[in-house]
Amino acid sequence: MKKSGFTVIELLVTLSILAIVLAIGVPNFKSFIDNGNMVSNANGVIGAFNYARIEAIKRGSTVHLQPKGDGWQSGIIVWADSRDDSEIKDVIRMWPSFAGEGTVNSTNSAFAFRATGEVDKSDKLTLCIDNSGEQGMQISILISGAVIAKKVGCA
């Protein structure tokens with residue numbers, strides 16, 4: 001009479017192989033997720049800058065873009081200054097806080113797009129995930145209002 005099923009040895013070998021595959025795959029998967037979050041965050045920033053520029057041109061007036069809270073990773077707010085008093089009253093759109101853990105380095109904390117599509121100052125925002133030595137994204141905002149992104153190394 002033949003019995004069906006697995007022996008204890010077969011189960012242990014299978015579990016050992018599974019443990020080895022998981023030990024190799026999980027760290028690589030975290031890096032994959034981190035890089036995906038960084039690219040997603042960079043695309044959100046680029047989208048916010050392009051949106052603010054288009055709104056300024058469409059409205060024929062100044063449109064401001066700045067972080068919602070302490071830093072760019074806390075989210076982005078785009079607003080119109082219809083009274084020229086630099087107070088946030090007419091919020092056009094807000095972007096949520098960044099996905100995952102990361103940092104954004106920038107020398108400016110706010111930008112103003114003119115009706116011509118130009119921005120009041122140029123800057124470079126560098127987005128990095130918190131793992132040192134990983135690849136990041138640098139977003140350059142040109143005085144013309146154009147936005148350019150490229151990959152950079154993070155220290």
Side-chain angles (χ1 to χ4, degrees), residues 15 17-155:
L15 288 176
I17 292 171
L18 180 64
I20 291 170
V21 168
L22 286 175
I24 293 170
V26 168
N28 291 334
F29 189 68
K30 177 167 178 12
S31 177
F32 179 75
I33 297 273
D34 287 343
N35 286 329
N37 284 338
M38 190 240 342
V39 169
S40 174
N41 294 338
N43 287 337
V45 171
I46 293 166
F49 274 92
N50 285 332
Y51 181 81
R53 182 179 188 208
I54 291 168
E55 279 295 315
I57 294 168
K58 185 172 78 173
R59 291 170 180 253
S61 64
T62 303
V63 171
H64 299 268
L65 180 139
Q66 67 187 56
K68 277 199 295 189
D70 294 335
W72 291 100
Q73 55 269 32
S74 64
I76 298 172
I77 184 169
V78 173
W79 56 281
D81 190 5
S82 55
R83 297 186 184 142
D84 290 329
D85 58 4
S86 296
E87 289 186 27
I88 301 174
K89 291 188 176 103
D90 184 14
V91 175
I92 302 170
R93 186 166 173 193
M94 292 192 297
W95 276 259
S97 58
F98 286 0
E101 299 174 6
T103 58
V104 180
N105 295 318
S106 172
T107 55
N108 293 308
S109 61
F111 296 88
F113 284 89
R114 299 181 190 98
T116 59
E118 297 172 334
V119 69
D120 61 341
K121 54 193 159 257
S122 62
D123 195 9
K124 292 180 181 174
L125 286 83
T126 306
L127 286 75
C128 293
I129 50 178
D130 285 339
N131 302 335
S132 65
E134 293 290 327
Q135 196 166 4
M137 296 287 287
Q138 183 180 68
I139 301 169
S140 300
I141 295 88
L142 306 180
I143 206 76
S144 66
V147 181
I148 300 169
K150 69 176 182 177
K151 292 183 179 182
V152 295
C154 294

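Since the structure is predicted, the reported quantities are computational estimates derived from the model, not experimental observations.
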What is the distance from atom [atom1] of [X] to atom [atom2] of [Y], rounded to the nearest 0.5 Å?
X      : Y      : atom1 : atom2 : answer
Ile54  : Phe49  : CD1   : CZ    : 13.5 Å
Asp90  : Arg59  : CG    : CZ    : 5.0 Å
Lys151 : Met137 : NZ    : CE    : 7.0 Å
Ile141 : Leu65  : CD1   : CG    : 8.5 Å
Asn37  : Leu127 : CG    : CG    : 11.5 Å
Ser122 : Ile143 : OG    : CD1   : 5.0 Å

Is the shortest side-chain heavy-atom distance between Asn35 and Met38 below 4.5 Å?
yes
Sub-4.5 Å side-chain heavy-atom contact between Val78 and Trp95:
yes
If you take all heavy atoms of [X] and [Y], which pair is closest and at what distance?
X      : Y      : result
Ile57  : Thr116 : CG1-C, 4.1 Å
Lys124 : Ser140 : CG-OG, 3.7 Å
Gly71  : Ser74  : O-OG, 2.6 Å
Ile46  : Ala149 : CD1-CB, 3.6 Å

Say whether, by atom type as modelled, one donor and one acceptor occur between the side chain of [X] and the main chain of [Y] under 3.5 angstrom.
X      : Y      : result
Lys121 : Ala110 : yes
Arg53  : Val119 : no
Asn41  : Phe98  : no

Please work out whether the ring planes of Trp72 and Phe111 are parallel, tilted or perpendicular, with thresholds of 30° and 60°.
tilted
Verify the distance criterion only: is there a donor paired with an acceptor across the side chains of Asp123 and Thr107 at less than 3.5 Å?
yes
Is the count of non-hydrogen atoms from other residues, nucleotides or ligands lying under 6.0 Å from Lys68 atom NZ greater than 12?
yes
